[in-house]
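As structure tokens, the structure follows; a few thoughts come after it.
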2 protein chains.
Amino acid sequence: MAVQVDESHARTRILEAARQEFFKKGYEGARMQAIADAAGINKALLHYYFNNKETLFNEIFEASFRKFIPHVEEMIMQEEDIFIIIKKFVHAYISLMQSQPSLPLFLFHEINKDADRVFKLIFNNAQPTMMLHLFQKVDKAQKKNLIKPIRFEQLVMNIMSMCVFPFLAKPMMQRVMSFTDSVFDDMMEQRKQLVADFIIDSIQIKNIQ
Amino acid sequence: MAVQVDESHARTRILEAARQEFFKKGYEGARMQAIADAAGINKALLHYYFNNKETLFNEIFEASFRKFIPHVEEMIMQEEDIFIIIKKFVHAYISLMQSQPSLPLFLFHEINKDADRVFKLIFNNAQPTMMLHLFQKVDKAQKKNLIKPIRFEQLVMNIMSMCVFPFLAKPMMQRVMSFTDSVFDDMMEQRKQLVADFIIDSIQIKNIQ
DNA sequence: GTCTATATTCAGATAGAC
DNA sequence: GTCTATCTGAATATAGAC
């Protein structure tokens with residue numbers, strides 16, 4: 001007898017509908033009615049599966065937040081060439097954004113409203129160690145005179161900026177610079193290479209002989 | 001007889017309180033009660049000055065949006081050296097963000113919810129021509145072989161990313177990389193120089209003789 | 001212009017039938 | 001599990017005194 005293994009269709013549809021609604025509108029802007037409609041059910045059933053709006057939200061938020069920090073720790077630890085690390089990091093981040101384009105705006109908006117609440121919700125799991133590993137590799141490369149002496153935090157800001165910002169600013173940029181969705185997609189695909197090159201070009205110490 | 005020239009204190013205080021509340025919480029998250037409290041008045045008086053929440057919001061949104069595009073058109077038109085243009089552009093943008101740190105998140109969030117509504121509200125005034133002027137200068141510099149052949153849109157993305165993103169990601173970055181407000185402020189001050197150099201380093205064609 | 005008190009609206013939540 | 005109908009509460013908005 002199939003002990004209900006399959007996440008009954010309704011529950012799954014609710015989660016997907018809720019994710020989209022919360023991502024687009026934020027917590028307060030999201031409507032339970034809209035979620036129910038998108039999932040093809042009614043509000044009562046929503047409350048049957050998830051007691052209330054906050055429960056539903058938290059479930060989605062936690063899962064989303066974990067995704068925002070890409071799983072590249074192992075790669076960083078194993079790889080020695082700092083330029084390859086940067087290339088792979090950029091690639092991983094842009095790919096993540098492509099698969100979840102409205103994730104960062106959602107996260108930043110919620111964090112902005114109440115950072116403490118958010119981080120309490122998240123950091124029962126310990127602080128991610130990715131940054132530490134990255135720092136060590138950058139530090140080593142600087143000591144070997146492979147890259148210029150830029151402050152680590154500034155370098156990370158630059159990399160993350162160029163990977164994530166376009167997805168935050170997309171609707172605005174599209175208006176100001178008049179390009180279509182398809183052009184945007186092409187640009188983002190290009191950026192996997194372009195951003196990595198851009199970073200490397202600017203930090204690399206070129207030995208001119 | 002002083003024909004009420006002075007924007008009676010209350011109205012000014014309301015606008016300032018409302019700006020902060022809307023910037024932090026977004027339209028739906030903002031509370032008229034909170035605005036009234038912060039302005040040191042009560043809700044009824046809010047409705048006396050501004051008929052309703054939406055009116056108040058629109059007033060603030062329009063003014064904010066205009067600010068987001070810095071007034072650098074004249075500078076761009078007059079200056080010939082593309083590297084100086086970039087330096088001044090970066091400086092202007094970061095300075096703007098320093099004076100209005102939560103402006104971009106607010107704008108992007110509201111635009112994300114309903115881009116059409118927002119742009120209808122804004123673009124009675126014509127499309128800003130800044131981008132066009134900037135494009136022409138970049139194009140000219142490329143034809144003179146001063147800078148590498150990067151696509152214009154990508155270059156703009158890179159510049160804006162590095163100027164604006166840190167202010168969007170601040171609370172998140174502070175957690176992940178553990179730095180204080182004062183360190184953040186110092187970093188942003190540094191970035192006026194650093195970002196400009198970073199960009200120029202990566203697009204400049206160096207004539208090695 | 002500013003207030004207290006009250007009305008209205010609407011979204012989240014519940015009761016209960018099937 | 002799923003629905004219709006209803007309740008509750010919170011937030012916006014208004015009436016009207018001073």
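To find a chain, count down the sequence lines: A is the first, B the second, and so on, and within it residues start at 1. In this text, all values refer to a predicted model and were calculated from it rather than measured experimentally.
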Item checked: Between D/dG1 (P) and A/Ile14 (CD1): distance, integer Å -> 11 Å
Notebook entry, point to check: Has A/Tyr49 got a side-chain N or O lying under 4.0 Å from the OP1 or OP2 atom of D/dT2?
Noted result: yes
Margin query: Between B/Phe167 and B/Phe184, is the ring centroid distance below 6.0 Å?
Written below: yes
Next item on the list: Determine whether more than 12 heavy atoms belonging to other residues, nucleotides or ligands lie under 6.0 Å from atom CD of A/Gln193.
Entry: no
Item checked: Whole-Å distance separating the CG atom of B/Asn42 from the C1' atom of D/dA13 -> 13 Å
Item checked: Set of side chain to side chain contact (heavy atoms under 4.5 Å, CB included) partners for A/Ala39, sequence neighbours left out -> A/Arg13, A/Ile14, A/Ala17, A/Ile41
Next item on the list: Take atom CZ of A/Arg11 and atom P of D/dT2, then tell me their distance rounded to the nearest Å.
Entry: 12 Å
Notebook entry, point to check: Nearest-Å distance, OH (A/Tyr48) to P (D/dT2)?
Noted result: 8 Å
Notebook entry, point to check: A/Ile41 near the nucleic acid: base, sugar-phosphate alone, or nothing, with a heavy-atom cut-off under 4.0 Å?
Noted result: sugar-phosphate
Notebook entry, point to check: Nearest-Å distance, NE2 (A/His9) to P (D/dT2)?
Noted result: 10 Å
Next item on the list: In whole angstrom, give the distance that lies between atom CZ of B/Phe57 and atom C1' of D/dT12.
Entry: 16 Å
Notebook entry, point to check: Hey, what's the ring geometry for B/His109 with A/His109, parallel, tilted or perpendicular (30° and 60° as the breaks)?
Noted result: parallel
Next item on the list: Check the angle between the aromatic planes of A/Phe57 and A/Phe22 and answer parallel, tilted or perpendicular using the 30° and 60° thresholds.
Entry: perpendicular
Next item on the list: Would you kindly give the CG-to-P distance between B/Asp37 and C/dC3, to the nearest whole Å?
Entry: 11 Å
Next item on the list: Apply salt bridge (Lys or Arg N to Asp or Glu O under 4.0 Å) to B/Asp139 and list each qualifying residue two or more places apart in sequence or on a separate chain.
Entry: B/Lys143
Check: What's the CZ-C1' distance between B/Phe50 and D/dT14, to the nearest Å?
Finding: 18 Å
Next item on the list: For nucleotides 12-18 of chain C, just jot down a letter per nucleotide in 5' to 3' order: B, S or -, based on protein non-hydrogen atoms under 4.0 Å.
Entry: BBBB---
